[in-house]
S.K.: 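Quick one: this structure, given as structure tokens, is what I'll be asking you about.
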Amino acid sequence: MRDLTRIERIGAHSHIRGLGLDSALEPRSSSEGMVGQTAARKAAGVIVKMVQEGKIAGRAVLLAGQPGTGKTAIAMGMAKSIGQETPFAMLAGSELFSLEMSKTEALMQAFRKAIGVRIKEETEVIEGEVVEVQIDRPAVAGAASKTGKLTLKTTEMETVYDLGAKMIEALGKDKVQSGDVIAIDKASGKITKLGRSFSRSRDYDAMGPQTKFVQCPDGELQKRKEVVHCVTLHEIDVINSSFDEISDLSGMPEKPSPTCFLMVVLQASLIKWEISTFLGGVKSLDELTRGEMDSTKDTEELYIPLPCRVLMLIDCFQVLVRVGIWHLCFLYARSAALLTQGFLALFTGDTGEIRTEVREQIDTKVAEWREEGKAEIVPGVLFIDEVHMLDIECFSFLNRALENDMAPILVVATNRGITTIRGTNYKSPHGIPIDFLDRLLIISTQPYTPDDIRKILDIRCQEEDVEMSEDAKVLLTKIGEDTSLRYAINLITSATLACLKRKGKIVEMEDISRVYGLFYDVKRSTQYLMEYQSQYMFSEVTAGEGDEDETNDMVS
């Protein structure tokens with residue numbers, strides 16, 4: 001039966017679950033979606049192990065190999081193996097030239113996305129097993145809010161707590177019931193379900209395989225617990241850059257002049273004098289409307305009728321509203337907009353450039369937290385694909401950034417041989433400067449064998465939920481050997497559609513042959529282009545160059 005809980009789009013590397021290594025970091029022949037490349041996977045596993053133990057930082061690794069040899073798959077396997085708490089950021093070299101910011105700023109943001117900060121704090125929680133949840137609902141709807149009682153216990157004590165409307169709503173939202181082990185944050189009232197008590201393990205068949213069983217907590221119900229929050233330096237940068245913009249609002253051109261602010265102060269003083277002099281003896285709003293003053297007030301004091309008094313106050317308030325209140329409202333609205341923009345930028349990615357001063361302040365604060373034991377740095381992994389697309393300026397920046405104390409593990413990948421370094425006229429292996437290559441641990445990937453191609457195609461058929469006959473798989477494997485693995489994988493979905501069109505259930509050889517004739521691979525497309533190149537516009541190849549040997553040279 002197909003797993004209906006797994007609803008996701010099928011991507012090129014969606015079948016990757018890890019590096020496929022055992023506990024001794026030895027690669028299995030086929031595991032966690034990884035096939036072949038045993039030496040490269042073992043080397044990547046050593047890097048992952050060192051990252052998890054926090055033993056290295058500021059190091060760089062190069063994945064080098066021909067196209068279609070699994071470089072990105074190994075990087076994805078590293079990301080899956082590292083875990084959720086270790087940051088992993090991905091970037092393509094070509095992205096740097098399409099972002100609305102400088103190249104070095106984009107690289108700096110990518111670096112700080114790959115550096116985590118584990119912040120520790122103590123909070124009071126109520127942790128125990130739910131014995132009973134009793135909710136008293138009013139007899140008449142809307143007559144009164146709901147109330148109730150919650151009974152929690154540990155191995156040593158049991159207590160009954162009164163519930164308000166908000167706690168009742170939170171319990172209902174999380175579907176808390178008897179036998180659940182929960183934790184309640186006293187400061188925020190947040191409820192966290194830790195699992196089901198082992199005393200309810202007999203109800204396993206009714207709960208389902210996803211149910212997690214835990215022991216009943218021991219000790220007291222109320223206890224102090226250390227809570228760990230994991231964020232990245234980039235997330236802290238984005239939020240604090242919004243606060244930094246708010247602090248700079250006073251320098252905006254829309255700010256009123258000092259003369260206007262002086263008028264605001266004078267008018268505020270006048271209003272205060274008006275209230276204290278003429279309305280100081282008013283006891284209530286009724287007395288103000290009747291114009292009655294306190295009997296203890298000197299009767300010889302100048303009497304100003306109520307209408308005149310109100311007109312004077314209105315005049316003072318008009319100036320205040322025109323000059324001051326609108327500016328305060330503008331500051332408030334602008335501040336709220338910047339804060340909202342800062343939080344949303346974490347999801348949209350539209351952060352803009354962040355000033356160096358903001359990052360320096362954050363680094364200083366994080367260093368203080370580290371000294372006080374409140375936080376620790378978690379070096380993550382930054383993966384840059386198509387690293388040959390970077391220019392000499394980017395490589396110079398990477399050289400300096402890797403020497404920083406809080407630098408992540410840098411993993412880069414390329415499929416280029418000896419080529420020109422972008423931004424220069426010099427050639428270098430992989431298009432990377434020699435001084436930067438000297439920093440890299442190079443992991444080489446090898447072409448897949450026919451057996452590896454067959455295993456990968458089996459995994460992709462299973463991933464895409466495609467039933468294919470043995471003969472069709474043999475033919476598809478042969479196509480993958482003669483053309484490329486990527487082309488063979490792309491034919492799986494096309495052959496499935498051809499099978500559905502003829503109302504079949506299993507993909508056969510005829511379906512593979514049909515889509516093979518419909519969609520050209522690179523070699524056949526180049527041969528066709530060389531044969532009919534004279535009929536294309538702006539062709540730069542002469543008729544004598546279109547022989548088969550040169551076609552093969554272009555393909556290779």
Side-chain angles (χ1 to χ4, degrees), residues 51-52 54 56-59 79 82-91 95-96 99-123 185 187-188 190 225-249 251 334-384 397-398 400-411:
V51 170
Q52 291 174 337
I56 62 171
R59 307 291 179 87
I82 285 174
Q84 296 291 335
E85 293 188 358
T86 304
F88 188 93
M90 297 187 65
L91 179 70
E95 290 183 31
L96 299 178
L99 299 174
E100 296 181 355
M101 63 180 72
S102 64
K103 294 173 289 187
T104 54
E105 172 66 18
L107 282 173
M108 177 58 75
Q109 291 190 12
F111 258 70
R112 294 177 76 87
K113 286 178 183 178
I115 304 173
V117 182
R118 189 178 288 124
I119 304 173
K120 305 174 184 177
E121 65 174 355
E122 286 191 352
T123 182
D185 189 345
S188 62
K190 180 183 178 182
K225 191 173 183 180
E226 186 180 74
V227 180
V228 180
H229 305 280
C230 295
V231 294
T232 64
L233 284 179
H234 177 68
E235 293 171 348
I236 303 176
D237 292 343
V238 172
I239 298 300
N240 282 272
S241 65
S242 301
F243 283 102
D244 187 66
E245 289 187 46
I246 293 172
S247 63
D248 290 343
L249 283 177
R334 178 63 176 161
S335 301
L338 285 173
L339 285 176
T340 304
Q341 178 183 356
F343 285 108
L344 292 178
L346 295 176
F347 301 96
T348 61
D350 186 15
T351 59
E353 297 201 6
I354 300 174
R355 297 195 300 182
T356 307
E357 294 81 2
V358 176
R359 292 197 175 104
E360 291 177 352
Q361 294 173 1
I362 292 172
D363 292 343
T364 303
K365 192 64 179 178
V366 171
E368 293 178 2
W369 290 345
R370 292 175 65 185
E371 293 178 359
E372 298 172 0
K374 296 181 180 178
E376 60 178 311
I377 298 297
V378 184
V381 177
L382 171 61
F383 175 63
I384 302 180
F397 175 84
L398 291 177
R400 182 183 64 84
L402 287 174
E403 297 175 352
N404 197 326
D405 294 337
M406 295 190 299
I409 308 299
L410 178 64
V411 179

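Bear in mind that the values here come from a model prediction, so they are computed numbers and not experimental data. These values consider heavy atoms only, across backbone and side chains, with no hydrogens, waters or symmetry-generated copies.
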S.K.: Please round to the nearest 0.5 Å and tell me the distance separating atom CG of Leu91 and atom CG of Leu382.
M.R.: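 That separation rounds to 6.5 Å.
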S.K.: So, using salt bridge (Lys or Arg N to Asp or Glu O under 4.0 Å) as the criterion, who are the partners of Glu368 when residues are at least two apart?
M.R.: Lys365
S.K.: Calculate, to the nearest 0.5 Å, the distance between atoms CD1 and CG belonging to Ile384 and Leu96 respectively.
M.R.: 7.0 Å
S.K.: Taking all atoms of both residues into account, what is the closest heavy-atom pair of Ile354 and Arg359, and its distance?
M.R.: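 So the two residues come closest at O-NH1, 3.3 Å.
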S.K.: Of all the heavy-atom pairs spanning Ala89 and Ala110, show the shortest one and how long it is.
M.R.: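 Nearest pair, atom of Ala89 first, then Ala110: CB-O, 4.2 Å.
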S.K.: How close do Pro87 and Ile115 get, counting heavy atoms only, and between which atoms?
M.R.: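 Here Pro87 and Ile115 meet closest at CG-C, 4.1 Å.
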S.K.: Look only at the side chain of Glu235 and the backbone of Thr232, and say whether a donor-acceptor pair between them is shorter than 3.5 Å.
M.R.: yes
S.K.: For residues Pro408 and Val381, report the shortest heavy-atom separation together with the two atoms involved.
M.R.: CB-N, 4.5 Å
S.K.: With side-chain contact (heavy atoms from CB on, under 4.5 Å) as the test, would you mind laying out the steps for Leu233 and Phe111 before giving the verdict?
M.R.: CA-CA 9 Å; Leu233 284 179; Phe111 258 70; over 6 Å; no
S.K.: Give the minimum heavy-atom separation between Thr104 and Phe397, together with the two atoms involved.
M.R.: O-CZ, 3.7 Å
S.K.: With rounding to the nearest 0.5 angstrom, report the CE to CE distance, Met108 to Met101.
M.R.: 12.5 Å
S.K.: Restricting to non-hydrogen atoms, name the atom on Ile377 and the atom on Arg370 that form the minimum distance, rounded to 0.1 Å.
M.R.: CG1-CD, 3.6 Å
S.K.: Take Ile362 and Arg112 through the side-chain contact (heavy atoms from CB on, under 4.5 Å) test and state the conclusion after the steps.
M.R.: CA-CA 12 Å; Ile362 292 172; Arg112 294 177 76 87; 4.1 Å; yes
S.K.: Nearest 0.5 Å, please: how far is CD in Glu353 from CD in Gln109?
M.R.: 8.0 Å
S.K.: Rounded to the nearest 0.5 Å, how far apart are CG of Asp237 and NZ of Lys113?
M.R.: 11.0 Å
